[in-house]
Amino acid sequence: MSLIIAPSLLSADFAHLADEVRSVEEGGADWLHLDVMDGHFVPNITFGPPLVASVRRVTKLFLDVHLMIEHPLKYAEVFAKSGADLLSFQVEGKDEPDEVIAEMRRLGVKVGIVLNPPTPVGRILPYLDKVDMVLVMSVNPGFGGQKFIPDVLSKVEEIRRRRGPDFWIQMDGGINPETAKLAVRAGVNILVAGNAIFGASDRGAIIRALRAVGRG
Ligand code: DX5
Ligand code: ZN
């Protein structure tokens with residue numbers, strides 16, 4: 001299976017953002033994952049549209065913007081206009097998922113729906129045929145560097161069974177070359193990794209190691 005590798009910018013050195021982005025682009029990354037947190041949906045605050053727009057100016061990478069916010073409906077447009085290629089939103093948020101999906105479609109971006117580790121897969125099934133991607137969180141969102149929760153893998157298997165081989169299933173949280181094997185075996189084809197990639201001095205080597213999991 002050919003994998004999409006998406007370094008999560010949350011673990012980068014924000015004082016040297018352009019260099020950090022260039023290092024993963026030159027290292028062979030496919031996408032760049034940007035974690036937006038509002039201090040309400042999760043107990044942390046990261047960055048907003050101006051940072052996405054700045055990153056857009058320094059890279060050609062596909063920008064995958066993960067909205068960990070209570071009100072994706074209100075903010076989808078400004079993130080789309082900042083240069084996001086894909087917006088993903090949490091099914092546990094306060095807006096009606098069908099309305100969020102319709103708004104993102106209107107904006108012309110790819111659409112992802114996200115579910116947290118305690119959320120049963122049944123919560124996203126009504127939307128499965130309406131989105132381009134499902135992100136199955138493998139940590140409780142809010143911070144990088146947490147431990148992978150293997151219980152979530154059965155959700156991936158069910159989504160893969162229902163949507164077939166070409167659908168985008170992303171996993172985010174605690175991904176390294178070891179946990180990536182479990183994720184890929186369950187049916188994941190997009191790997192997000194923060195600490196594993198930005199914590200490594202040779203970004204190309206760790207990206208190759210993650211990609212090799214798909215060939216094993
Ligand atoms: C967690 C974020 C992740 C995070 C992953 O709330 O959604 O994208 O950056 O970081 P690692 O790979 O270090 O667990
Ligand atoms: Zn994320």
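Whatever order the structure lists ligands and atoms in, that order sets their numbers, starting from 1. Owing to the predicted nature of the structure, the values given are computational and were not obtained by experimental measurement.
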Which atoms from ligand 1 have a heavy atom of [X] less than 4.0 Å away?
| X | result |
| --- | --- |
| His33 | 8 (O) |
| Ala193 | 12 (O) |
| Met68 | 6 (O), 7 (O) |
| Asp35 | 2 (C), 3 (C), 4 (C), 7 (O), 8 (O), 9 (O) |
| Pro141 | 6 (O) |
| His66 | 7 (O) |
| Gly173 | 14 (O) |
| Met137 | 7 (O) |

Of the protein's non-hydrogen atoms, which lies at the shortest distance from [atom], and what is that distance?
| atom | result |
| --- | --- |
| atom 6 (O) of ligand 1 | Gly142 N, 2.7 Å |
| atom 10 (O) of ligand 1 | Gly144 CA, 3.6 Å |
| atom 3 (C) of ligand 1 | Asp172 OD1, 2.9 Å |
| atom 9 (O) of ligand 1 | Ser8 OG, 2.7 Å |
| atom 12 (O) of ligand 1 | Gly194 N, 2.7 Å |
| atom 1 (C) of ligand 1 | Phe143 O, 3.6 Å |
| atom 14 (O) of ligand 1 | Gly174 N, 2.8 Å |

Given side chains that start at C-beta, do those of [X] and [Y] come closer than 4.5 Å, heavy atoms only?
| X | Y | value |
| --- | --- | --- |
| Ile197 | Ile5 | yes |
| Ile190 | His33 | no |
| Ile124 | Val131 | no |
| His66 | Met137 | yes |
| Asp38 | Tyr75 | no |
| Phe198 | Asp13 | no |

**Asked** Backbone N or O of Trp31 within a donor-acceptor pair of the Asp64 side chain at under 3.5 Å?
**Response** no
**Donor-acceptor contact below 3.5 Å, side chain Arg211 vs main chain Leu3** = yes
**Message:** Could you check whether Glu25 pairs with Arg22 (Lys NZ or Arg NE/NH1/NH2 to Asp/Glu carboxylate O, under 4.0 Å)?
**Reply:** no
**Request:** Salt-bridge test for Arg161 and Glu157: reply yes if a basic N is under 4.0 Å from a carboxylate O, no otherwise.
**Result:** no
**Message:** Measuring from non-hydrogen atoms of Gly145 to any atom of ligand 1, is the shortest distance under 4.0 Å?
**Reply:** yes
**Asked** Between OD1 of Asp35 and NE2 of His33, what angle is found at the Zn ion (ligand 2), rounded to 10 degrees?
**Response** 90°
**Message:** Among the N, O or S atoms of Asp172, which one sits nearest to the Zn ion (ligand 2)?
**Reply:** OD2
**Item:** the Zn ion (ligand 2) - name of the N/O/S atom of His66 that sits closest to it
**Value:**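 Among the N, O or S atoms of His66, the one closest to the Zn ion (ligand 2) is ND1.
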Which atom pairs, donor and acceptor, lie under 3.5 Å between side-chain atoms of residues 108-123 and protein residues at least two apart or in another chain?
unit_1	atom_1	unit_2	atom_2	d
Asn116	OD1	Gln90	NE2	3.0
Thr119	OG1	Glu92	OE2	2.6
Arg123	NH2	Val91	O	3.2

**Asked** Heavy atom under 4.0 Å from ligand 1: found in Asn195's side chain, backbone, both, or neither?
**Response**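 Both backbone and side chain.
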**Enclosure of Phe41 CZ (heavy-atom neighbours >12, cutoff 6.0 Å)** =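 Yes, because the 6.0 Å sphere around CZ of Phe41 holds more than 12 heavy atoms from other groups.
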